[in-house]
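The structure appears below as structure tokens.
Being a predicted model, the structure only gives us computed values, none of them experimental. Heads up: numbering here begins at 1 and tracks the sequence.
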Amino acid sequence: MPAESTREYIGSAEAMAIIGLSRTTFYRRVKHGDIPCVRAIHRWIFHRETLIAWRDKMLAPSRAAP
């Protein structure tokens, strides 16, 4: 198993790939606080498991009763 796939924290490029957003949309949502992340000096970093859970929650169908 490659070492990169076991990292807990990832950078923006990998986070964009996991979420599937364009660069512009991704950074807009990061700046608005919509995507869970941490600012570390001059970089945004993302906890892989938290990001995947957030993505799955956003993609889940609404459970609201009709």
Side-chain angles (χ1 to χ4, degrees):
M1 177 180 275
E4 193 167 315
S5 66
T6 61
R7 293 185 317 182
E8 254 185 89
Y9 291 93
I10 58 174
S12 297
E14 193 171 345
M16 278 185 258
I18 288 172
I19 296 175
L21 293 176
S22 71
R23 178 181 167 92
T24 303
T25 302
F26 176 79
Y27 280 114
R28 184 179 331 119
R29 294 191 70 181
V30 165
K31 288 179 182 179
H32 286 267
D34 297 336
I35 298 173
C37 61
V38 176
R39 181 80 172 170
I41 305 177
H42 297 289
R43 293 180 43 171
W44 294 102
I45 59 172
F46 305 84
H47 185 258
R48 179 189 301 276
E49 296 303 319
T50 302
L51 192 64
I52 291 170
W54 177 85
R55 177 200 63 194
D56 293 345
K57 180 181 174 187
M58 292 295 112
L59 294 176
S62 176
R63 295 184 181 170

Whether His47 and Tyr9 hold their rings parallel, tilted or perpendicular, with breakpoints at 30° and 60°:
perpendicular
Within a radius of less than 6.0 Å around CZ of Arg39, do more than 12 heavy atoms belonging to other residues, nucleotides or ligands occur?
yes
Under 4.5 Å between side-chain heavy atoms, hopping through other hydrophobics if needed: is there a path connecting Ile52 to Leu59?
no
Roughly how far, to the nearest 0.5 Å, is CG of Leu21 from CZ of Arg28?
9.5 Å
To check you understand the geometry: which heavy-atom pair defines the closest contact between Pro36 and Phe46, and what is its length?
O-CD2, 3.5 Å
Rounded to the nearest 0.5 Å, the CH2 atom of Trp44 sits from the OG atom of Ser12 at a distance of 9.0 Å
Check whether any side-chain N or O of Trp54 sits under 3.5 Å from a backbone N or O of Asp34 as a donor-acceptor pair, and report yes or no.
yes
With Arg29 as reference, evaluate Ile35, Thr24, Ile19 under the side-chain contact (heavy atoms from CB on, under 4.5 Å) test and give the passing residue.
Ile35
Return the minimal non-hydrogen interatomic distance between Ile45 and Ala40, and the atom names on each side.
CD1-CB, 4.2 Å
Measure the spacing between CD of Glu8 and CD of Glu49 and express it to the nearest 0.5 Å.
8.5 Å
Could you tell me whether a side-chain N or O of Arg55 sits under 3.5 Å from a main-chain N or O of Ile18, the two making a donor and an acceptor?
yes
Among the clusters formed by ILVMFWY side chains lying less than 4.5 Å apart, do Met58 and Tyr27 turn up in the same one?
yes
